[in-house]
A.B. asks: 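If you scroll down you'll find the structure; I have some questions about it.
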Number of protein chains: 4
Amino acid sequence: MRARNSSTEQDAGPPRRTFTESARRAQIVDAAIAVIADLGYAKTSFAKIAKQAGLSSTGMISYHFAGKDDLMRAVVAEVMRVADEHLRPRIEAQPNASARLRTYIESNIALLIDFPKHLAALVEVLANLRDEGPDQFGYAASMDSIMSFQAERMRDAQRTGEFREFDVTVMVHAIRGAIDEVVGRARTDPDLDLVANGRELADLFDRATRNTT
Amino acid sequence: MRARNSSTEQDAGPPRRTFTESARRAQIVDAAIAVIADLGYAKTSFAKIAKQAGLSSTGMISYHFAGKDDLMRAVVAEVMRVADEHLRPRIEAQPNASARLRTYIESNIALLIDFPKHLAALVEVLANLRDEGPDQFGYAASMDSIMSFQAERMRDAQRTGEFREFDVTVMVHAIRGAIDEVVGRARTDPDLDLVANGRELADLFDRATRNTT
Amino acid sequence: MRARNSSTEQDAGPPRRTFTESARRAQIVDAAIAVIADLGYAKTSFAKIAKQAGLSSTGMISYHFAGKDDLMRAVVAEVMRVADEHLRPRIEAQPNASARLRTYIESNIALLIDFPKHLAALVEVLANLRDEGPDQFGYAASMDSIMSFQAERMRDAQRTGEFREFDVTVMVHAIRGAIDEVVGRARTDPDLDLVANGRELADLFDRATRNTT
Amino acid sequence: MRARNSSTEQDAGPPRRTFTESARRAQIVDAAIAVIADLGYAKTSFAKIAKQAGLSSTGMISYHFAGKDDLMRAVVAEVMRVADEHLRPRIEAQPNASARLRTYIESNIALLIDFPKHLAALVEVLANLRDEGPDQFGYAASMDSIMSFQAERMRDAQRTGEFREFDVTVMVHAIRGAIDEVVGRARTDPDLDLVANGRELADLFDRATRNTT
DNA sequence: GATGAATGAGAATTCATTCAT
DNA sequence: TATGAATGAATTCTCATTCAT
């Protein structure tokens, strides 16, 4: 039998899942995050994930997820959930766009410290999982919507004069790229001073966005 | 027979290669770049590369390269060679650090237009090929040395007062990350206005580095 | 998934195997014995074993065994088991060392008649499977322990005066070598009179060990 | 083009070989002996032999030998040549059958000391290269003829009463098996006291053959 | 005579997935 | 729900051999 419900529900309503099923799914997703962060996307397999999760067979994974892509979407969703939970309150507590920008960058780096594998796994998956066909229901989509939202916020700040004029899309993606680069580097270099990197990065983009007129 | 010589020669001198061998190697490397850029590192296989190169068997690749890693190192080296050839003269023609920085960014984007697959392949390989063991002769190593060089140049500009004080390492990596993000996005979105992106990115980092005192 | 458990368990307790798994493993081991005996170690491959076992793919073998070495260890263990079962009661029924020696030799030859492929496979594997690294759990190790045991028994017989003085290690290995030679010859020459060979060999080593003072 | 002449000439007369050709063949055979002794027959390949011989391609080997079997026959022939050269004068210098037997055994062991790889390679090849088809022109054939010769000599000694009555074929093969076992063990255990082993083995078979009436 | 390049088959192993129980 | 067993394609790599130069 095929997995009863995929991770991205394009059909009606959220899937009903029993407690055990949800627990199993979460267990598998966590294992997947760990394996992807440790070995990289290319060397990740159901077998390694099952081993990491303490499962006896890969059949279990296929049972709970519609396929590799489905599992990866679930990984993305989980990391997004954790990231949102971690970032949103911090960011929304800030008084202005400039502070929010700084908080966004520094909180991303803080997330990297608190959940070292989550962002690494996210970057790996998004880099490797190009949306093929029209079934792009969760990969980059959720990431894209976040970035669109940030871009809109930036545009607001430009209107109020807090930020200078610049292409917000380029800016948002540049910030994302710079953060992801730190994520990748943190993997290689465990001695990297993340806090300092976050602060410097925040300074950098503060300068780049601030209105100096 | 095994591949006679690997791509990274730590021993004495460059390997002697006949004309035919060099041609075949180049042919395979080119095919690898195309396949990696199109399908991503994870879905790249010798079979696909052989097909792309018009080779009859994957054995041919094993014959010319010591293994998958060796081929990937050759890919990195080739892209670096093309990039260097493309970037260096443009950059060195600039009168000051600020202009060099702008040229570096815009020329990278121009490279993305002229050789659409090269940078994509490079980013894919560097992201997926974690250096295992001490045999990291060429992967990230050559990239690192380039970035160290750029950092040193930036420090010079700080001493002359052309650039403000900032952590040059962070800056260099942020620039790299921002460019790589564009590379990744260009893969997905063929309508992306690369020239505009390059100009905006150059503006961004000009603001971030400039001394405004 | 990888094979769940290797054939030599150095860790705690025997591996739990389901009935089906044990049956498949036995089936594969039997097929391996047949192929090795027929074609020799060098020409034995998973493909040939799978065919002999009526399996659809070589993947099945990799599924049940951790690798070629693991399968070979299982082959050695199985032959040892059969041999022990066959030899031990006969030998232990004998009243003295001299009779035990004769029985050991003749029963080995009898084993060659009853299970023509088992000893042939054993000799092939032990000759070709050089223990690489410290993981020699079962190859020559179990064989060595058997021979040490025999040597100790011989030493006892020397103390009682039943056997003359000689280097028991050399004797034990000479006997083994002589038997293995018959095993090898039996493969080539189906007309070989094994019973006569066994009797003559027993006479030979009886003379060589007997105390004639 | 196929190799001009195979190692076993069933056709008329010895092949004409130029000096260089003979030198190359000898070089390859020597390399083959070393590789077989070191890695075992199963892991020996043209590639490894070419590397050992300092040759740039395996084509060279195929050029000089009609195939793998042909090379192996040449290996056997070479080892036999060296062995004969080493053993014959020593054995023929002995006054009687008993002394010749002892010398045969001890000289074999001495050969193992002087040319550690030769006998090891021989045993490997003979154990793995079962004569398939009617083309058994050199493998076991030459070995067989030697053993037949030895058997005949033993029969003579039985007629003169120097040796007791026994099955000479069995005896000859038992001796061979015992020696080969030492050869195999010497590979594993470099500390093995070969001289002592040879002496003990000679004693053993002296007892087994001597007429004690 | 000799070489390097190529071939195509075959090696062991891992893969995601399916299915009967 | 869950599991272990099986599948068959695909992976990288090595093999002995051939052939044009």
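Chain identifiers are assigned alphabetically (A, B, ...) following the order of the sequence lines, protein sequences preceding nucleic acid strands; residue numbering begins at 1 within each chain.
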A.B. asks: Roughly, in whole Å, what's the span from CG in A:L39 to C1' in E:dC15?
C.D. replies: 15 Å
A.B. asks: Once side chain to side chain donor-acceptor pair (under 3.5 Å) is applied, do any residues pair with A:K48, and if so which ones, sequence neighbours excluded?
C.D. replies: none
A.B. asks: Please lay out, stage by stage, how C:F65 and C:R25 fare under the test side-chain contact (heavy atoms from CB on, under 4.5 Å).
C.D. replies: CA-CA 8 Å; C:F65 295 88; C:R25 284 177 62 97; 3.6 Å; yes
A.B. asks: Whole angstroms only, please: what is the OH-P distance between B:Y63 and F:dC19?
C.D. replies: 16 Å
A.B. asks: Between atom CZ in D:F65 and atom P in E:dG1, what is the gap in whole Å?
C.D. replies: 14 Å
A.B. asks: Could you list the residues that satisfy side chain to side chain donor-acceptor pair (under 3.5 Å) with C:D30, not counting sequence neighbours?
C.D. replies: none
A.B. asks: Whole angstroms only, please: what is the CG-P distance between D:L71 and F:dA16?
C.D. replies: 10 Å
A.B. asks: How close do C:A31 and C:A53 get, counting heavy atoms only, and between which atoms?
C.D. replies: CB-CB, 3.5 Å
A.B. asks: Considering residues at least two apart in sequence or located in another chain, which fulfil the side chain to side chain donor-acceptor pair (under 3.5 Å) criterion with B:Q52?
C.D. replies: none
A.B. asks: Would you write the dot-bracket representation of DNA chain F, where each base gets (, ), [, ], | or . depending on whether it forms a Watson-Crick or G-U pair under 3.5 Å and with which partner?
C.D. replies: .||||||||||||||||||||
A.B. asks: From NE2 of D:H64 over to C1' of F:dT17, roughly how many Å is that when rounded to an integer?
C.D. replies: 15 Å
A.B. asks: Looking at B:L129, B:L126, B:N128, which hits side chain to side chain contact (heavy atoms under 4.5 Å, CB included) with B:M72?
C.D. replies: B:L129
A.B. asks: Using whole Å, what does the distance between atom C1' of nucleotide E:dA12 and atom CG of C:D69 come to?
C.D. replies: 11 Å
A.B. asks: In whole Å, I'd like the distance from the CD1 atom of A:I61 to the P atom of E:dC15.
C.D. replies: 11 Å
A.B. asks: Reading DNA chain E from 5' onward, which residue's closest nucleotide shows up sooner: A:M60 or B:S22?
C.D. replies: B:S22
A.B. asks: A:Y41 ring centre to B:K43 NZ or CZ under 6.0 Å, with the angle to the axis within 45°?
C.D. replies: no
A.B. asks: Please determine if a side-chain N or O atom of D:S62 lies less than 4.0 Å away from the OP1 or OP2 oxygen of F:dA16.
C.D. replies: no
A.B. asks: Given atom CZ of C:R25 and atom P of F:dA6, what is their separation to the nearest angstrom?
C.D. replies: 13 Å
A.B. asks: Restricting both atoms to N or O, compile the protein contacts to nucleotides 9-11 of chain E shorter than 3.5 Å, with distance only.
C.D. replies:
residue : atom : partner : partner atom : Å
E:dA11  : OP1  : C:S45   : OG           : 3.0

A.B. asks: Using the test side-chain contact (heavy atoms from CB on, under 4.5 Å), find all partners of D:A37 that sit at least two apart in sequence or belong to another chain.
C.D. replies: D:K117, D:A120
A.B. asks: Testing the basics here: between D:I28 and D:I49, what is the closest heavy-atom pair and its distance to 0.1 Å?
C.D. replies: O-CG2, 3.9 Å
A.B. asks: Looking at F:dA5, I'd like to know if its phosphate oxygens (OP1 or OP2) sit under 4.0 Å from a side-chain N or O belonging to C:R24.
C.D. replies: no
